[in-house]
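Heads up: numbering here begins at 1 and tracks the sequence. Since this is a predicted model, take the numbers as computed values, not measurements.
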Amino acid sequence: MKCARVLISGRVQGVFFRASAREEAQRLSLSGWVRNLPDGRVEALLAGPQDKVNAMIAWCHQGPPSANVTGVEVSWEEAPPGLKGFRVR
């Protein structure tokens with residue numbers, strides 16, 4: 001299992017980014033979470049098979065139709081133990 005922490009910049013808050021990300025992550029059977037950051041970015045922790053994590057990262061570059069993504073930063077890390085399901089924080 002691979003785990004990526006993703007920081008998404010642009011117009012990504014107030015546009016249903018987190019709810020849409022949860023739907024896409026659940027569709028891909030990923031574990032993790034997504035949350036808004038005080039600086040206006042969205043942060044996501046994505047865990048699952050490499051190909052599915054990569055597909056979710058690719059989705060983050062676009063986001064939902066009302067988003068305007070200007071940047072995506074990815075860092076790879078160990079998945080926290082007991083991570084199950086995908087939730088909005």
For this session: For the pair Arg18 (side chain) and Glu43 (backbone), establish whether a donor and an acceptor sit closer than 3.5 Å, ignoring hydrogens and angles.
Result: no
For this session: Might you point out which heavy atoms bring Gly48 and Leu30 nearest each other, and give the distance in Å?
Result: CA-CD2, 3.8 Å
For this session: Sequence neighbours left out, what pairs pass ring-ring contact (aromatic ring centres under 6.0 Å, His included) with at least one residue falling in residues 1-32?
Result: Phe17-Trp59
Exercise. Around atom CD of Gln62, are there more than 12 heavy atoms of other residues, nucleotides or ligands at under 6.0 Å?
Worked result: no
Problem set entry | Pairs touching residues 53-69 that satisfy salt bridge (charged side-chain N to carboxylate O under 4.0 Å, His left out), sequence neighbours left out | none
Problem set entry | Sequence-distant partners of Arg87, side chain to side chain contact (heavy atoms under 4.5 Å, CB included), two or more places apart | Trp33, Arg89
Exercise. Taking all atoms of both residues into account, what is the closest heavy-atom pair of Ile57 and Val6, and its distance?
Worked result: CG1-CG2, 4.1 Å
For this session: Using the salt bridge (charged side-chain N to carboxylate O under 4.0 Å, His left out) rule, collect all pairs that involve residues 47-76, keeping only residues at least two apart or in two chains.
Result: Arg41-Glu73
Exercise. Considering only heavy atoms from C-beta outward, does the side chain of Val53 approach that of Cys3 to under 4.5 Å?
Worked result: no
Exercise. With sequence neighbours excluded, what pairs up with Gln50 under the side-chain hydrogen bond (donor to acceptor under 3.5 Å, both in side chains) test?
Worked result: Asn54
For this session: Let me see the working for Asn68 and Val12 under side-chain contact (heavy atoms from CB on, under 4.5 Å), right down to the final yes or no.
Result: CA-CA 7 Å; Asn68 181 17; Val12 293; over 6 Å; no
For this session: Calculate, to the nearest 0.5 Å, the distance between atoms OG and CG belonging to Ser9 and Asp39 respectively.
Result: 7.5 Å
Seminar exercise, completed: For residues 63-89, the ring-ring contact (aromatic ring centres under 6.0 Å, His included) pairs (sequence neighbours left out) are none
Exercise. Considering residues at least two apart in sequence or located in another chain, which fulfil the side-chain hydrogen bond (donor to acceptor under 3.5 Å, both in side chains) criterion with Glu24?
Worked result: Arg27
Problem set entry | side chain to side chain contact (heavy atoms under 4.5 Å, CB included) against Glu23, all qualifying residues, sequence neighbours excluded | none
Exercise. When Ile, Leu, Val, Met, Phe, Trp and Tyr are grouped by side-chain heavy atoms lying under 4.5 Å apart, directly or through other members, which residues fall in the same group as Leu37?
Worked result: Leu7
Exercise. Do Met1 and Leu28 sit in the same hydrophobic cluster, where Ile, Leu, Val, Met, Phe, Trp and Tyr count as joined when their side-chain heavy atoms come under 4.5 Å apart?
Worked result: no
Exercise. Is Val72 reachable from Met56 through a run of I, L, V, M, F, W or Y residues, each pair having side-chain heavy atoms under 4.5 Å apart?
Worked result: yes
Exercise. What closest approach, in Å, do Val74 and Ala4 show between heavy atoms, and which atom pair accounts for it?
Worked result: CG1-CB, 4.0 Å
Exercise. How many angstroms lie between atom CG of Asn36 and atom CD of Gln13, to the nearest 0.5 angstrom?
Worked result: 3.5 Å
Problem set entry | Gap separating the OG1 atom of Thr70 from the CD1 atom of Ile8, nearest 0.5 angstrom | 10.5 Å
